[in-house]
Amino acid sequence: MSVIKCIFNYFKKHRIIFVFTLLVIISVTFLSLVPPQLLKIIVDDLSSSNNISHLWIYALLYMLIFIAIGIINFLKEILLVIISQGVGKRIRLEMLTKVNRLSYKNFAEYDYGTLEAYFSNDVEEINTLITSGVISMIIDSFKIIGIIISIFIFSYLFGLITLAIIPFLILFVMWIRKRMYKAQKTNRTLEGKVNNLVLENLDNINTIKTFRIYNEVKEKYDNILKNHFKTNQKSNIYDALFSPVMQILKTLLIVLIIVISTTNNSVFGLSIGTLASSIDLITNLFSPIENLGMELQTIQKSF
């Protein structure tokens, strides 16, 4: 049975969890779009009219929205852990059933490290795929769509500029993803070799002592560890590069919008409240895009 079938069978058996997952996705997406709208009302309607008697009501509502978002995110994390553990258990049981059906000839083709990596490392990556990958990716995708629609409502020109920047962000994410995938794939292979070599040395410890081949075993182990370290470093470099570049692009876009808006108000036609709300939306837009990049990396590792 494939991993996808295991996931579908889990949701088919636990339909209440599936429905609850859909409700969480919808709630997180909707609530994340409410604070910018409230910010616009607070700055424009209340400040311009000098009527601040109802300001505390909007402030309380603004705070309650973020509390609700925090509670739903907390429930989301609990839900993802429950789903990932359930699916992981099912996958391991299916793998154990498959192992019991294998012949001795099949076992001769696999080393201990590879088999151990299948049950531990690989299944753990699939658990990570569920907790930090697919479902979070769906939520962030809906957030991006909702934020772009909100920006277009504020200003059509502002929306076009934001929409024109997104393809460049996607190209950058794909560039990082492609290079990280090669490093992660090599790293995964080397992890199996490290595990296999440790188990081999333990099984053959008497032979190693008898023939005094310590230096040969040490050199072989050192070579694998050095290659493993190099591939890890490549992956870490791309991982470290991704977030700062996204932050720089976000800051440049915000600065550009502020400079153009303050220099010529007729360009975007934004009020102070709408401008503040738009900056908040831009900040929120880059956050799910950055999360999507990280989630794509998680999915790659799971593949």
Side-chain angles (χ1 to χ4, degrees), residues 1-42 57-93 123-154 162 166 170 173 277 280-303:
M1 183 182 291
S2 66
V3 174
I4 301 298
K5 286 184 178 179
C6 287
I7 295 174
F8 276 116
N9 287 342
Y10 178 84
F11 281 122
K12 189 176 180 180
K13 186 177 180 181
H14 303 84
R15 294 181 180 179
I16 296 177
I17 294 179
F18 177 71
V19 173
F20 192 60
T21 304
L22 292 178
L23 290 175
V24 166
I25 292 173
I26 295 170
S27 300
V28 170
T29 305
F30 175 75
L31 288 176
S32 64
L33 300 175
V34 175
Q37 303 295 333
L38 277 176
L39 183 63
K40 176 182 178 298
I41 295 173
I42 292 171
I57 298 176
Y58 287 99
L60 181 62
L61 183 60
Y62 194 79
M63 182 187 69
L64 290 175
I65 291 294
F66 278 102
I67 292 174
I69 292 173
I71 292 172
I72 292 176
N73 281 326
F74 175 71
L75 294 175
K76 181 193 76 173
E77 294 301 323
I78 294 176
L79 183 66
L80 292 178
V81 170
I82 293 173
I83 294 172
S84 66
Q85 293 300 314
V87 173
K89 177 184 176 182
R90 181 65 182 173
I91 292 172
R92 282 193 173 99
L93 289 174
V123 177
E124 285 302 318
E125 288 299 334
I126 293 172
N127 287 340
T128 306
L129 167 68
I130 298 171
T131 55
S132 305
V134 177
I135 297 178
S136 298
M137 193 174 180
I138 294 172
I139 293 173
D140 288 325
S141 299
F142 280 115
K143 280 184 181 179
I144 292 172
I145 294 171
I147 290 171
I148 292 174
I149 292 173
S150 299
I151 293 174
F152 267 101
I153 293 173
F154 288 157
T162 307
I166 290 180
I170 293 174
V173 170
S277 181
D280 193 18
L281 285 171
I282 287 294
T283 304
N284 294 336
L285 175 64
F286 273 77
S287 180
I289 291 176
E290 188 175 344
N291 291 338
L292 279 175
M294 302 302 293
E295 287 150 10
L296 280 172
Q297 294 172 20
T298 302
I299 292 172
Q300 284 182 170
K301 291 177 69 177
S302 301
F303 279 137

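- Between Leu23 atom CG and Lys76 atom NZ the span is 15.0 Å, to the nearest 0.5 Å.
- The shortest heavy-atom contact between Ile82 and Ile17 is CG2-CD1, 4.2 Å.
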Side chain to side chain contact (heavy atoms under 4.5 Å, CB included) evaluation trace for Ile26 with Phe142: CA-CA 9 Å; Ile26 295 170; Phe142 280 115; over 6 Å; no

Full working for side chain to side chain contact (heavy atoms under 4.5 Å, CB included) between Leu61 and Ile57: CA-CA 6 Å; Leu61 183 60; Ile57 298 176; 5.6 Å; no

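- When all heavy atoms are compared, the tightest approach of Pro35 to Asp280 is C-OD2, 4.5 Å.
- Between Leu33 and Lys143 the shortest heavy-atom distance is CD2-O, 4.4 Å.
- When the shell of 6.0 Å around CG of Leu60 is examined, it contains more than 12 heavy atoms from other residues, nucleotides or ligands.
- In this structure, Leu281 CG and Ile148 CD1 are separated by 10.5 Å, a value rounded to the nearest 0.5 Å.
- When all heavy atoms of Gly86 and Tyr10 are compared, the pair lying nearest together is CA-CE1, 3.7 Å.
- Aromatic pair Tyr62/Tyr58: centroids not less than 6.0 angstrom apart.
- Atom CD1 in Ile69 sits 11.0 Å away from atom CG in Leu64 (nearest 0.5 Å).
- Taken to the nearest 0.5 Å, the CD1 atom of Ile282 stands 4.0 Å off from the CD1 atom of Ile151.
- The two residues Leu31 and Ala68 have their closest heavy-atom pair at CD1-CB, 4.0 Å.
- To the nearest 0.5 Å, atom OG of residue Ser32 and atom CG of residue Asn73 are 9.0 Å apart.
- Distance check, rounded to the nearest 0.5 Å: CD1 of Ile139 to CD1 of Ile72 gives 10.0 Å.
- You'll find the side chain of Leu79 stays beyond 4.5 Å of the side chain of Leu75, heavy atoms only.
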